[in-house]
**Student:** 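Here it is, the structure, as structure tokens.
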Amino acid sequence: MENAKISPRQLFVLIILFQLGSSLLIPVGLTAKQDAWLAVLGGMVGGLLLFLLYYKVGSYYPGLVPTEYMAKIWGPFFGKIFAFLYVLYLFYLAARVLRDYGEMLVIFAYPETPLFIVNLLWMVLVVYTVRKGIETLARTGEILFVVVSILALTSLLLLVLNGSIDTKNLQPVLEEGPVTLIKAIGESVFFPFGEIVVFTMIYPYLNQLKKAKRVGLYALLFSGFVLSVTMAVNLSVLGFSLLSRSNFPLLSTIQTINVAEFLERLDVFFMIGVVIGGFFKITIFFYVAVMGATSLFKVKESSHLVFPLGFITLFLSVGIASNFSEHIQEGLDIVPLYLHLPFQVIFPLLLLVSVVLKNRKKQKKQLAMK
Amino acid sequence: MNRKRTFLFGLLASLSVFTSGCWSERQLNEIAMVAAIGIDRTEAGQYEASYQFFNPANIAGGLQGGGGGQSPPVSVYTATGDTIMEVHGNMSRKISREPYYSHTNLVVVSEELAQKDGIGPVLEAFDRGSQFRVTTAVVIAREVKAKDLITTLTALDKVPSQKIMQTLESTEKAMGENINIDLEEIITALVSPGREPMISGFTVKGDPKEGAKQESLQATDLPMTVEANGNAIFKNGKLAGWIDGADARAVLWILDRIQSTTVTTEWEGRKDGISYRLARQKTNVSAEMKNGKPHISVHVHMEGDIGEVIVPVNLKDPKTLEKIERDVGEEVKRNIESSLHYTQKIKADIFGFGEVFHRDEPAEWKKIEKKWEDEIFPNLDVDVTVESYIRRTGLRNNSYLSEMKNK
């Protein structure tokens, strides 16, 4: 852990930028077809429950990060093994998100530039930010949050003026039946809402620890709402069929804007918004992974680890899949089941059970001593 | 300290190389902007694509001098290939610059190609490529080659593709007999099981050979004109028929795309005696199951003014206006039913009734989705109701024609 403090407002902004980051890029809940926006809202509720779970576990060890309290709960040996697995998970996710954004830039803007170079440029920025620390990142977030909000509101206004929003595309509601909707909700719980698990490494920096719960819940509610609106807008502009064929639906949506024959080709709105979101998503994942490694291996200065681990993440991002389709398929089929489910749900639940049992024993002992 | 500085300097220097966007830079004099693409089919079944390139210097020069430049504002090159990508490659043999598609706003597909091979395969490369825009308009070349539309020069609008685009837009607004539909809408209709696309046709009147020459533009009455001409109806991605005039307008009416138009109606035996100028309209289409059969209801609500009378009519009398309202409503209803009859005959649901049914009766839709086009749609019961209102009669009430009669 570095010696830093962030305010509740900064934490709020960081969570929102983190949540919106890649979920604006890659559509969520498409199993539910035109009800994807409902699936997102359902996923948000699941995310809120997961958040409360993480909060409960963390509340037994205020001021400590998971890699530290795992060792206290499960003993130094098992605790450290699990903490190590968590660090690997975080690095993998950082590499995944980096790949998402690198691919987006190559597909859309730099078709002749190798992916490695694009990712390298991302990583230079990310490594620099992580060296500067969480306070710098949080302050950057406050500024860029305003930029993203302005872009989002302008785009929405232009889409309405343009008349491209056709709510008929959202009908019929619940066509595929409740079972499919629940399945889609299940998917969107893990991505993006369950990824809030990384913030368990950041809460200890909050200067008013009492507010952590409120800030987390509000931020999740807000980002769930924004995501659901975005999804509904994408669906009503593109229709499900085009949306499901688009690699980046929000881009296609924004490309339909043509107001008064001159306000058109606003692709750059998408680029700016998404690059800002991507920056926060990659940086937060990488930051948390580096901090986890630092505390796990008792390295004195986290900045010593930033460069080497940055290179590993960079190579990992290029190596994890041989093409974009494979990358997306892994993200949809393998990652949720084999990575998100254990790391976001099962392990935290086990932690909670262990810590509650432990505390009960302690209390009994204390009672007996009296 | 010194080592750190050297490192930072090296980092900054490398950044200036990587971030300046020079990786795949293209200078303006290395690219040729494509204004429009026309695609024909050769005898051998290959694509023959004609690219209309901007001649930037001639467009700008003309605006300043106003003398009608010596060389045309666009140049056309033609290449063939089995795929659009192959055409793109072959094009490089003929033109010194790289075609640049970001400003392409029109794709013309020839009637023959649309009939024989279908429109589906042609559009795939345009949908996928990142330079190309999904808002690009698509039209069908009717009775002429797509190349003729691409090569014919036009007055008023210097760039021919611009002229086609704007004609399409203004005629849809003013008359509603042609549909202005873009690439994305066409693809959506192609994949939807409950809808088929309808695409505007364009044709060249006069001699296309003359039309390609700059000298032709020296006349006030051009030897050739590019005109909107009917709409192509597609079935399973292939051109199945044409729909023109009032029938085509009726299709746009059902699609709720009519913005303004003129409806004429018979009065006291005189054909087209009264012209009704539409001010606004709203059409609702809904679907339901009636006696176990799919049923579609179309409801039109329209308001407008009297635009012209060529027979004496007492327009001061509200009763007369009521009768005109009824007649106009009947006329629109007849148009709609006639276009329905035609499209049911060729089994192409260009109205998107299937989609409406899907929205309103999702459970039933699952059962009939597969046989919608060929079995259900051709025998569909459609109930058309038209509510029309005349709000005012322009600057005059009774026409001077009434007084001439009394003289």
Side-chain angles (χ1 to χ4, degrees), chain A residues 33-35 104-114 116-125 127-128 162-164 166-177 237-249 251-259 261 264-267 271 307, chain B residues 7-8 11-12 14-15 17-26 102-103 105 124 127-137 162 165-166 169 182-195 256-257 259 284-287 352 355-366 369:
Chain A
K33 291 200 169 168
Q34 61 269 40
D35 296 327
M104 187 273 291
L105 287 175
V106 171
I107 289 177
F108 177 65
Y110 310 105
E112 285 155 35
T113 311
F116 182 79
I117 300 294
V118 176
N119 282 2
L120 175 73
L121 288 173
W122 271 114
M123 222 48 216
V124 168
L125 183 63
V127 162
Y128 175 74
N162 196 29
S164 33
D166 179 6
T167 45
K168 276 183 191 159
N169 282 328
L170 297 178
Q171 292 169 316
V173 180
L174 280 184
E175 188 194 11
E176 305 292 319
V237 171
L238 303 174
F240 174 72
S241 125
L242 179 60
L243 185 143
S244 63
R245 274 182 291 117
S246 304
N247 279 334
F248 311 114
L251 175 66
S252 307
T253 300
I254 286 180
Q255 280 180 335
T256 62
I257 294 179
N258 180 359
V259 176
E261 296 296 313
E264 53 179 333
R265 315 210 161 158
L266 297 174
D267 306 9
M271 292 299 286
F307 269 110
Chain B
F7 173 74
L8 266 180
L11 195 70
L12 283 175
S14 65
L15 270 182
V17 174
F18 287 127
T19 57
S20 53
C22 292
W23 190 285
S24 42
E25 46 76 49
R26 288 187 192 89
S102 279
H103 294 270
N105 46 25
E124 152 68 14
D127 182 40
R128 184 177 300 276
S130 63
Q131 271 186 11
F132 224 81
R133 304 287 166 156
V134 284
T135 49
T136 304
Q162 200 64 25
M165 292 278 301
Q166 286 190 359
E169 230 163 74
D182 64 33
L183 190 70
E184 180 210 313
E185 290 173 290
I186 292 174
I187 293 172
T188 307
L190 280 173
V191 294
S192 165
R195 189 144 65 98
D256 199 21
R257 291 181 74 127
Q259 292 173 38
N284 283 309
V285 181
S286 57
E355 283 183 357
V356 176
F357 196 79
H358 182 186
R359 276 198 289 275
D360 291 357
E361 298 275 344
E364 291 290 333
W365 172 251
K366 292 246 145 153
E369 188 181 342

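Labels below follow one simple rule: chain letters A, B, ... track the order of the sequence lines, proteins then strands, and each chain is numbered from 1. All heavy atoms count here, side chains included; hydrogens, waters and symmetry mates do not.
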**Student:** Holding to side-chain hydrogen bond (donor to acceptor under 3.5 Å, both in side chains), I want the full list of residues that pass it with A:Lys168, two or more places apart in sequence or in another chain.
**Tutor:** none
**Student:** Considering only heavy atoms, which portion of A:Asn247 lies under 4.5 Å from any heavy atom of chain B: side chain, backbone, both, or neither?
**Tutor:** neither
**Student:** What part of B:Arg359 is in contact with chain A, defined as an atom under 4.5 angstrom from a non-hydrogen atom: side chain, backbone, both or neither?
**Tutor:** both
**Student:** Students often mix this up, so state it plainly: with edges at 30° and 60°, are the rings of B:His358 and B:Trp365 parallel, tilted or perpendicular?
**Tutor:** parallel
**Student:** So do the side chains of A:Tyr110 and A:Ile117 get within less than 4.5 Å of each other, counting heavy atoms only?
**Tutor:** no
**Student:** So which part of B:Asp127 gets closer than 4.5 Å to some heavy atom of chain A, the side chain, the backbone, both or neither?
**Tutor:** side chain
**Student:** Answer with side chain, backbone, both or neither: which region of A:Thr256 has an atom nearer than 4.5 Å to a non-hydrogen atom of chain B?
**Tutor:** both
**Student:** In chain order, what residues pass the salt bridge (Lys or Arg N to Asp or Glu O under 4.0 Å) check against B:Glu364, with sequence neighbours excluded?
**Tutor:** B:Lys367
**Student:** Checking heavy atoms, do the side chain of B:Glu184, its backbone, both or neither come under 4.5 Å from chain A?
**Tutor:** side chain
**Student:** Using side-chain heavy atoms (C-beta onward) and a distance below 4.5 Å, is B:Arg133 in contact with B:Leu183?
**Tutor:** no
**Student:** Would you mind checking which part of A:Ile107 comes under 4.5 Å of any heavy atom in chain B, side chain (CB onward), backbone (N, CA, C, O), both or neither?
**Tutor:** backbone
